[in-house]
Amino acid sequence: MQFKFIDCTFLFFLFLSVASYSQQQNAIEKYLQQKQEEYQLPGLAVGIVKNGQVYFQTGYGVTNIHFPKQVTEYSVFHTGSVSKLFTAQAILKLVEAKKIGLDTQLAALDLGLRLKDKQISKVTIRQLLEHQSGLPDVWGYNWRRQDTDSLALQHYFSKKKLKLKTSPGEEYRYSNLGYDLLALIVQQVEEESFETFVKREVLKPANMSTADFRYFAISEDMRVSPHTKNLLGKVKVRKIYPYTREHAGSSTLNSNVDELCKWMIQFMNDPFHQQFLVPSPVYAYNSLGFQLFRVGGKDGFGHYGGDKGFRSFLMMVPSEETGIVLLSNADFNEDFRQDIGFTLMKSLLNH
């Protein structure tokens, strides 16, 4: 099996190097069909931006194995931690407007937090963005609750007594809790919901009219169902969709590859993105919430995403105005993300 994968990839690279545009599209189409079947993914949507323009986007498989509707580039998936890219951008919008600073401490913000460890008051915005706050990760997302109340985020933190795992700025410690806290900061500073602010200031300017952090705002005919495998290895539809409003900042953006391609184009064309490419001195593979990559001899950045029933991956190489987004409605065989993502990106950068 490993030999077949290497041989397929080699032939894919070889063909793209000599193919016409239409032949390249056909080669990518066949390659992705093969990979969707190889990884047994119920559904897969792929979007590619090359030289600052949409180059390829389509869908494979079905939105739900019991109601086999075709996945397309407009099918809306839960993106998981790809959401953090948009939370980070929302925070930087506030920094740009001088409403907060990257080195603003939590003590300077009236968030109504309950602190078990008073060091938390010294945590900065930058440390939250770069997962250096010392806060733990979230354990138990309560997706079953599916809270849609506009005060859900405030209620979540009012019941939680925060404590640190390590001192602020000491080490990289991935924390979804830190990104939920960033959403609370947006709400407090703007005096409106996090989702409303991001929709107006981040999503709509990138022509993302369908995308939303609120699952209930997504039209039912565009939704995709989450899938997993049971103990016998049989694929099944998950009963609970991964959504509850207190985890918007870390996890709940719902979008499609068509709109994520639009966002990548807009983002890479804006000099604003340059600040996201500076590696953190504490952890060189992270910058203000963006995961950093080295691919095809170029610097790339983006994020992996995953929650119950979904896996995703978005990666951009700004110097080449090239980006890839992968969305799947399965939480198994997740290595498809780096396999497909890096293979495609290397081929795009080399041809």
Side-chain angles (χ1 to χ4, degrees), residues 1-16 19 22-50 54-80 82 222-230 233-238 242 254-261 264 295 302-315 323-348:
M1 179 63 71
Q2 184 68 20
F3 173 78
K4 288 183 180 179
F5 164 69
I6 293 172
D7 185 54
C8 167
T9 304
F10 170 75
L11 291 176
F12 179 63
F13 275 115
L14 182 63
F15 184 78
L16 285 188
S22 61
Q23 289 173 325
Q24 289 174 7
Q25 299 283 304
N26 290 336
I28 292 172
E29 181 93 24
K30 290 178 181 178
Y31 169 77
L32 290 171
Q33 285 177 337
Q34 176 189 336
K35 288 298 178 181
Q36 186 238 340
E37 294 170 4
E38 178 184 329
Y39 284 98
Q40 301 177 322
L41 303 174
L44 172 69
V46 181
I48 300 173
V49 170
K50 185 177 181 182
V54 174
Y55 174 73
F56 180 93
Q57 54 185 29
T58 194
Y60 304 88
V62 296
T63 61
N64 183 308
I65 57 173
H66 299 311
F67 306 99
K69 180 181 177 181
Q70 174 69 38
V71 170
T72 73
E73 63 267 37
Y74 306 112
S75 301
V76 176
F77 293 73
H78 172 89
T79 68
V82 169
M222 302 182 80
R223 294 177 181 177
V224 170
S225 300
H227 295 76
T228 190
K229 283 186 176 181
N230 63 20
K234 184 178 179 180
V235 177
K236 67 174 187 176
V237 177
R238 281 192 173 273
N254 287 271
S255 189
N256 57 44
V257 297
D258 175 66
E259 293 191 350
L260 287 167
C261 282
M264 288 192 291
V295 53
H303 216 289
Y304 286 94
D307 269 318
K308 301 289 187 180
F310 293 96
R311 291 293 183 268
S312 58
F313 183 44
L314 184 149
M315 176 170 54
I324 291 173
V325 59
L326 308 172
L327 303 176
S328 177
N329 55 347
D331 57 15
F332 49 87
N333 298 343
E334 63 184 9
D335 287 351
F336 80 88
R337 296 175 296 177
Q338 53 266 42
D339 180 357
I340 297 173
F342 281 87
T343 297
L344 282 176
M345 182 60 83
K346 287 176 184 176
S347 70
L348 293 168

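We number each residue from 1, following the sequence as shown.
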Colleague: With a 4.5 Å heavy-atom cut-off, do I324 and L348 have their side chains touching?
Modeller: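 Yes, close enough: below the 4.5 Å cut-off.
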
Colleague: F56 versus L344: any side-chain heavy-atom pair under 4.5 Å?
Modeller: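 They are not in side-chain contact.
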
Colleague: Among residues at least two apart in sequence or on other chains, which ones pass salt bridge (charged side-chain N to carboxylate O under 4.0 Å, His left out) with R337?
Modeller: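 For R337, the residues satisfying salt bridge (charged side-chain N to carboxylate O under 4.0 Å, His left out) (neighbours in sequence not counted) are E334.
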
Colleague: Would you indicate whether K50, at its atom NZ, is surrounded by more than 12 heavy atoms from other residues, nucleotides or ligands within a distance under 6.0 Å?
Modeller: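 More than 12 heavy atoms, drawn from other residues, nucleotides or ligands, come within 6.0 Å of this atom.
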
Colleague: Just to verify, what does D331 make a side-chain hydrogen bond (donor to acceptor under 3.5 Å, both in side chains) with, not counting sequence neighbours?
Modeller: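 Testing D331 for side-chain hydrogen bond (donor to acceptor under 3.5 Å, both in side chains), a comparison that skips the adjacent residues, returns T228, R238.
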
Colleague: Quick one: does any side-chain atom of N329 pair with a main-chain N or O of H227 as donor and acceptor, under 3.5 Å?
Modeller: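 Not at all, since once roles are kept as given, no pair shorter than 3.5 Å links the two residues.
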
Colleague: Residues in side-chain contact (heavy atoms from CB on, under 4.5 Å) with Q338, at least two apart?
Modeller: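 Partners of Q338 under the side-chain contact (heavy atoms from CB on, under 4.5 Å) test: Y304, D335, F342.
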
Colleague: Is there a donor-acceptor pair under 3.5 Å between the side chain of E259 and the backbone N or O of Y74?
Modeller: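 Pair absent, no side-chain N/O of E259 close to backbone of Y74.
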
Colleague: For Q57, enumerate each residue passing the side-chain hydrogen bond (donor to acceptor under 3.5 Å, both in side chains) test, keeping only those at least two apart in sequence or located in another chain.
Modeller: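 With sequence neighbours excluded, Q57 shows a side-chain hydrogen bond (donor to acceptor under 3.5 Å, both in side chains) to D258, given in chain and number order.
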
Colleague: For F310, check ring-ring contact (aromatic ring centres under 6.0 Å, His included) against everything at least two apart and list the hits.
Modeller: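 Testing F310 for ring-ring contact (aromatic ring centres under 6.0 Å, His included), a comparison that skips the adjacent residues, returns H78, Y241.
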
Colleague: Answer yes or no: are there more than 12 heavy-atom neighbours, outside K30 itself, under 6.0 Å from its atom NZ?
Modeller: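 Incorrect, the count does not exceed 12.
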
Colleague: For S225, enumerate each residue passing the side-chain hydrogen bond (donor to acceptor under 3.5 Å, both in side chains) test, keeping only those at least two apart in sequence or located in another chain.
Modeller: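 So S225 forms a side-chain hydrogen bond (donor to acceptor under 3.5 Å, both in side chains) with N64.
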
